[in-house]
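Note sheet for the following structure.
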Amino acid sequence: MIGRALIEDFPILQQKIGDAPLVYLDSAASSQKPRAVIEAISRYYEHDHANVHRGVHTLGSRATEAYEGAREKVRRFIHARRASEIVFTRGTTASLNLIAKTYGEAKLGPGDEIVLTPNEHHANLLPWQRLARQTGARLVFVEPSPEGILDETRLTQAISPRTKIVALAHVSNVLGTIQPIQAAAARVHEVGGVIVIDGAQSVPHMPYDVQALDIDFLAFSGHKMLGPTGIGVLYGKYELLKDMEPYELGGEMIDTVSLHEATWRDPPWRFEAGTPPIAEAVGLAAAIDYLEGLGMNEVEAHVLRLTESATRALGEIPGVTIYGPRAGRHAVLTFNIGSIHAHDTATVFDSMGIAVRAGHHCAQPLMKRLGVNSTVRASFYVYNDMQDVEALVAGVHHVKEFFGDVFG
Ligand code: PMP
C-alpha cells in the first residue's frame, strides 16, 4: 500500500487549510512524519531518555542502545560496510561542511581541482567555494545541457589528475535530474580523488547502496525522509574517516585529554562532539522502518509515476513553462505559469489548500541560467497520489483564470 491511503498514518495531512483539504506538495523541502515516527520519539522521551555513552545506569544504557541501534539501521538502509562509517550530523548541510572543513582543508592545495556543476544546491557549492579560497584550489564547473542533463562523457572528461574532489547532487532539487554519479566515481578513483554525493533528494526516494555506487562520502537529511528535523547523516568510507581530523571539539569525541593536548576517539564518535541528537536518531530509525515497510523499490516507482504524470499534465497546459527534462525526473516538478510570479502562484495555490515551494530553491546560479528569479516547485512523496496531481492541475487552471489578463 502506498499513496493517499497512507494519510491515515500522517495526522498533519488530515487537516484542512481554510475549507480545502491539504494537498501537500512540498516534501522536497521537508517531508511530513508518520505517527510511528512521532510516537517513537515520544516513547523514547517517556521511557528511555538519558545521555548516551556515559551513565552506567539503566536509562543511559537504553538511550545508548537506541542511538547506536539507529546507526546500525542507517548502515543497513544505505548498505554501508560498517556502522562506524555512519556519522550523525544536523543534516545534509552540516555533513557537506564537515567534509569540506576536515578532509578538504587537509588534502587540497594550490592547483588542485574540485569538479561540480552550476546546478548544485548552495549547500553543495558554498563550502567548496570557501575551501577553494582557503587552499588555492580551483572550482571546475561541468556544463549540463540546457535541460539540465549532465552528459557522462563531459563529466568524466572534466576529471583530471588535478581533481581531488568531485561534488555532485545525485538528484537535483530543482530539475529532478539524476546525475551520472557512478561514472564520475569510477573516473575520480582512477586519478586518486574522492566523490562526495549530496543525497538530500535521492536517499529518501530510492534503494541505496553506497558500496555498489562506490561513493566515498554521502550526505543526507532525516527530515526529507519522514524523520525528524535536526538529524542527518554523513557516510564516509572508514579508511577515509579514520585519517580525518575532527570538525568540532569537546565532550564525547576524545580518547585522552591533558591540559595541552588531546587524542581522538575512532570514527564515528570523533565527529560527534557533545550530546548528539538522540531522540532524533530514534525518530530517524522509525522513519527507516516505515520506508522499508513500504519497500524502497515501490517508493521510487510511485514517486517517478506521479512526477511523470504531473509533468505530462502541466506540459499540456498552454502558458506553463516546465524547467528541466520532460521525462526521467525524480520527485520534483519545477515550473512557472506565464509571467506570473512564483510567489503569486503559490499564494493562490495556498488559498486552495495546495502547498508548494516558490523561490530560488537555494540554487541561485541555476535560476540565473534558467533566466528567472524564482519558480514554483511541486514535489511528491509516498503519501501523494493521482488526486494530488489532479489538484495541482486544477490549481494551475485557477491561477490562469485569476490572473487572466496576463494571458490576454
Ligand atoms: N542539497 C539538496 C539537493 C537539497 O535539496 C537540500 C534541501 N533543500 C540540501 C542540500 C540541504 O539540506 P538541509 O537543509 O536538510 O541541510
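Basis for what follows: all heavy atoms, side chains included, without hydrogens, waters or symmetry-related copies. As the structure lists them, so they are numbered: ligands from 1, and atoms in each ligand from 1.
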Gap between atom CG of Asp344 and atom CZ of Phe349 - 0.5 Å precision: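 That separation rounds to 11.5 Å.
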
Pairwise distance CD1(Ile181) to CD1(Ile215) - rounded to 0.5 angstrom: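 Those atoms lie 4.0 Å apart.
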
Tyr323 and His361 aromatic centres sub-6.0 Å: no

Pocket residues of ligand 1, ordered first by chain and then by residue number (heavy-atom cut-off under 4.0 Å): Thr92, Thr93, His121, Ala123, Asn173, Asp198, Ala200, Gln201, Ser221, His223, Lys224

Results of side-chain hydrogen bond (donor to acceptor under 3.5 Å, both in side chains) for His79 - residues two or more places apart only: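 Partners of His79 under the side-chain hydrogen bond (donor to acceptor under 3.5 Å, both in side chains) test: none.
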
Partner residues of Arg265 under the side-chain hydrogen bond (donor to acceptor under 3.5 Å, both in side chains) criterion, sequence neighbours left out: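 Partners of Arg265 under the side-chain hydrogen bond (donor to acceptor under 3.5 Å, both in side chains) test: none.
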
For Thr229, all residues meeting side chain to side chain contact (heavy atoms under 4.5 Å, CB included), sequence neighbours excluded: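 Testing Thr229 for side chain to side chain contact (heavy atoms under 4.5 Å, CB included), a comparison that skips the adjacent residues, returns His223.
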
